[in-house]
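Take a look at the structure set out below.
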2 protein chains.
Amino acid sequence: MVKRIINSGILENGPKMRDVADLAGVSQATVSYVLNAKSSTRISPETRRRVLDAADTLSYRPNAIARAMVSGKSKIIGTYQPHEGKSVLAGFWTNSVIRGISEALHSQQFHLLLYGYRESEEPSLSAFMDGRVDGLIVLAPHKTDALPRQLAMSGFPTAIISGVGYDDTDAISVDADNVQGARLAMDHLVDLGHSQIALLAGPVGVPNAEDRRKGYELAVQEHNLPVPQSYRIQSGFSREQGEEAAIAALNLNPRPTALLAPNDISALGVLNACAIRGLRVPDDVSVIGFDNVPYCELCTPRLTTIAQPAIEMGRGAAEMMLSLISDELFPEKNRKYPLELIIRESTASPLIK
Amino acid sequence: MVKRIINSGILENGPKMRDVADLAGVSQATVSYVLNAKSSTRISPETRRRVLDAADTLSYRPNAIARAMVSGKSKIIGTYQPHEGKSVLAGFWTNSVIRGISEALHSQQFHLLLYGYRESEEPSLSAFMDGRVDGLIVLAPHKTDALPRQLAMSGFPTAIISGVGYDDTDAISVDADNVQGARLAMDHLVDLGHSQIALLAGPVGVPNAEDRRKGYELAVQEHNLPVPQSYRIQSGFSREQGEEAAIAALNLNPRPTALLAPNDISALGVLNACAIRGLRVPDDVSVIGFDNVPYCELCTPRLTTIAQPAIEMGRGAAEMMLSLISDELFPEKNRKYPLELIIRESTASPLIK
DNA sequence: TTGAAAGCGCTAACAA
DNA sequence: TTGTTAGCGCTTTCAA
């Protein structure tokens with residue numbers, strides 16, 4: 001009974017286009033014309049006024065579902081992150097990306113549906129193709145994930161953020177240029193006068209980490225740096241792994257004057273390792289992270305890092321998606337965003353020995 | 001033209017119930033009966049098989065919009081955070097809450113729509129009442145926000161997380177018990193043997209902060225602690241404010257042996273202040289924060305804190321919302337969640353002087 | 001146990 | 001410039 005009250009009270013008894021038409025003394029179609037203001041259908045100012053007044057009086061609000069029904073478009077874009085739980089970034093990145101997506105969608109009267117499948121679930125293709133969303137943005141899929149590829153192949157509007165697109169489909173992709181980002185970090189260190197720069201490499205098989213390693217190697221070649229093979233230290237994304245790798249690095253001879261961590265979280269471990277070893281950052285050793293998580297501003301010393309323009313990436317992907325589904329002009333298919341160096345306190349020129 | 005391909009290819013040319021019916025040689029209504037498996041309508045096993053086979057063959061997927069159209073329910077719940085940008089927590093809390101909501105909705109085949117209005121925009125009531133969502137969960141509204149109250153008053157299913165409900169409406173509310181949380185922190189310190197405990201109070205007018213202060217005062221009374229008025233230090237949520245207030249606190253005479261920070265971020269400033277003053281944490285001074293942000297695990301020493309069960313709160317609110325709109329049983333209206341003490345490394349017994 | 005038919009609230013031909 | 005009408009894909013009476 002309470003149910004009845006709620007339902008009929010609001011959802012079912014709100015004014016409909018019919019009611020507005022009756023009050024304005026016009027046909028229902030006319031109300032539709034006025035409200036949609038198509039340039040092709042001309043309505044007399046007088047009629048238009050009456051309709052708008054009536055709509056206003058009744059606080060009429062067009063029903064989005066009915067519109068979606070006839071147009072075949074819901075004006076909702078879905079978002080799905082297959083490996084959300086695994087993220088070491090504790091959602092920082094996702095947060096920013098979603099914010100960017102949301103901004104872009106919203107500015108075009110689109111809405112954002114968050115699909116929250118747990119990692120163990122593996123939703124089916126059709127879960128996304130029931131008409132509820134006009135397109136899907138997949139966040140950070142693995143290369144081996146079948147779903148985004150299948151979706152794209154079946155012609156469903158698909159976008160990928162942080163991952164590569166598929167040449168044989170219309171899928172859109174947006175990614176950060178981690179190779180360039182690592183070079184940025186290296187250039188900064190070299191500019192400061194460092195040449196003994198060690199790489200703490202992230203997990204193997206993770207594209208981000210591999211690209212960062214690639215950027216390191218390129219910079220080493222380009223600047224002709226005298227780094228021994230031992231300067232490449234296998235590490236991981238966690239704080240503990242960063243600390244461990246840093247301790248190994250700091251035992252090297254000659255001792256590196258700068259450490260390039262695979263991400264910010266592990267860089268915190270690096271800072272800790274330095275403290276334990278009694279080395280000052282940045283005086284004795286410079287440290288650079290990746291990602292620009294909020295911690296960078298909160299730790300001591302504040303961390304110099306390479307930032308991914310996550311909000312812009314989200315916004316960009318959403319804009320490309322909207323352009324794809326509206327097809328006013330065919331969008332670029334793949335976009336790479338440059339990373340940005342953010343200089344804080346953990347890098348400085350090496351002390352002259 | 002590409003547009004046509006995309007649209008008609010997928011959204012418009014997918015198999016419909018009609019097609020399944022034709023293939024199975026039954027009426028469309030029968031397909032509907034089979035697919036919805038209502039206990040009231042009995043279908044012969046033979047027919048059911050044929051229908052299911054046909055649906056399978058065609059990879060038929062019911063159109064969610066059409067269903068929403070006739071049922072008047074979209075099976076989507078909206079989420080809206082009026083003051084998202086202001087959050088000092090950089091989205092940690094929001095993240096967890098959303099995750100909880102998402103889990104609960106998902107387990108009942110509901111979906112989550114994220115409304116991303118920017119703070120400056122002030123969406124209108126009707127923006128939420130266009131049939132797209134069956135209810136709205138408002139995150140951390142201010143007491144002065146008119147929107148959630150109006151929504152609730154007009155009978156729209158509304159839930160509030162971290163905020164008080166409205167007695168004169170059906171609105172649901174879920175909140176954390178910060179008074180109890182602060183007492184938890186105090187009890188812990190007292191148990192460790194502290195009596196000189198200073199409060200770094202959060203911003204005035206913020207309910208969270210005021211409740212934490214209240215809990216402090218209650219504990220002071222209850223344990224009969226000898227804390228002078230000067231032990232209540234006005235502070236704020238930022239790291240800088242925490243550092244500043246801690247410096248003031250550490251100059252007090254007698255010097256507090258423990259500091260209760262208004263949140264984790266400011267507690268990081270407190271840790272820093274201690275370091276600057278050459279005081280060891282927890283040996284010379286114990287520090288407790290609030291919120292259990294990921295930083296707590298990353299700083300040195302790792303921070304003892306009071307955690308809000310944000311995921312559970314999100315889940316709880318969503319469950320109450322679903323129960324409200326389905327009305328199987330009338331839900332409780334307001335729920336308070338207890339906070340939890342998480343002991344890490346920043347608290348210990350005071351050294352005997 | 002099944003089918004025919006009405007209709008959810010709206011848009012968009014087509015007519016007038 | 002406006003009205004009539006036919007659906008959009010589905011659920012659900014009501015009849016058979």
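Just so it is clear: chains get the letters A, B, ... in the order the sequence lines come, proteins before strands, and each one is counted from 1. Bear in mind that the values here come from a model prediction, so they are computed numbers and not experimental data.
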Let me know the distance between [atom1] of [X] and [atom2] of [N], rounded to the nearest Å.
{"X": "B:Arg132", "N": "C:dC10", "atom1": "CZ", "atom2": "P", "answer": "13 Å"}
{"X": "B:Arg18", "N": "D:dC8", "atom1": "CZ", "atom2": "C1'", "answer": "15 Å"}
{"X": "A:Met69", "N": "C:dC10", "atom1": "CE", "atom2": "P", "answer": "13 Å"}
{"X": "A:Asn63", "N": "C:dG7", "atom1": "CG", "atom2": "P", "answer": "18 Å"}
{"X": "B:Asp19", "N": "D:dG9", "atom1": "CG", "atom2": "C1'", "answer": "11 Å"}
{"X": "A:Met17", "N": "D:dT2", "atom1": "CE", "atom2": "C1'", "answer": "15 Å"}
{"X": "A:Lys75", "N": "C:dT11", "atom1": "NZ", "atom2": "C1'", "answer": "14 Å"}
{"X": "A:Ile65", "N": "C:dG9", "atom1": "CD1", "atom2": "C1'", "answer": "11 Å"}

Donor-acceptor contact present, side-chain [X] to main-chain [Y], <3.5 Å:
{"X": "B:Lys16", "Y": "B:Gly14", "result": "yes"}
{"X": "B:Thr30", "Y": "B:Val26", "result": "no"}
{"X": "A:Asn63", "Y": "A:Ile65", "result": "yes"}

Item to check | Under the ring pair (Phe, Tyr, Trp, His ring centres under 6.0 Å) test, residues paired with B:Tyr80 that sit two or more places apart | outcome: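 B:Tyr117, B:Phe128.
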Restricting both atoms to N or O, compile the protein contacts to nucleotides 12-16 of chain C shorter than 3.5 Å, with distance only.
from, atom 1, to, atom 2, distance (Å)
C:dA13, N6, A:Tyr33, OH, 2.3

Does [X] put a side-chain nitrogen or oxygen below 4.0 Å from OP1 or OP2 of [N]?
{"X": "B:Ser27", "N": "C:dA4", "value": "no"}
{"X": "B:Arg67", "N": "D:dG9", "value": "no"}
{"X": "A:Thr47", "N": "D:dT1", "value": "no"}

Checklist entry - If you round to the nearest 0.5 Å, how far is CD1 of B:Ile76 from CG of B:Leu136? => result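 It comes to 12.5 Å.
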Checklist entry - Atom NZ of B:Lys75 and atom CG of B:Leu105: how far apart are they, to the nearest 0.5 Å? => result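 Answer rounded to 0.5 Å: 11.0 Å.
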Item to check | Atom of A:Ser107, atom of A:Ala104 and distance for their closest heavy-atom approach | outcome: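 Where A:Ser107 meets A:Ala104 most closely, the heavy atoms are OG-O, 2.9 Å.
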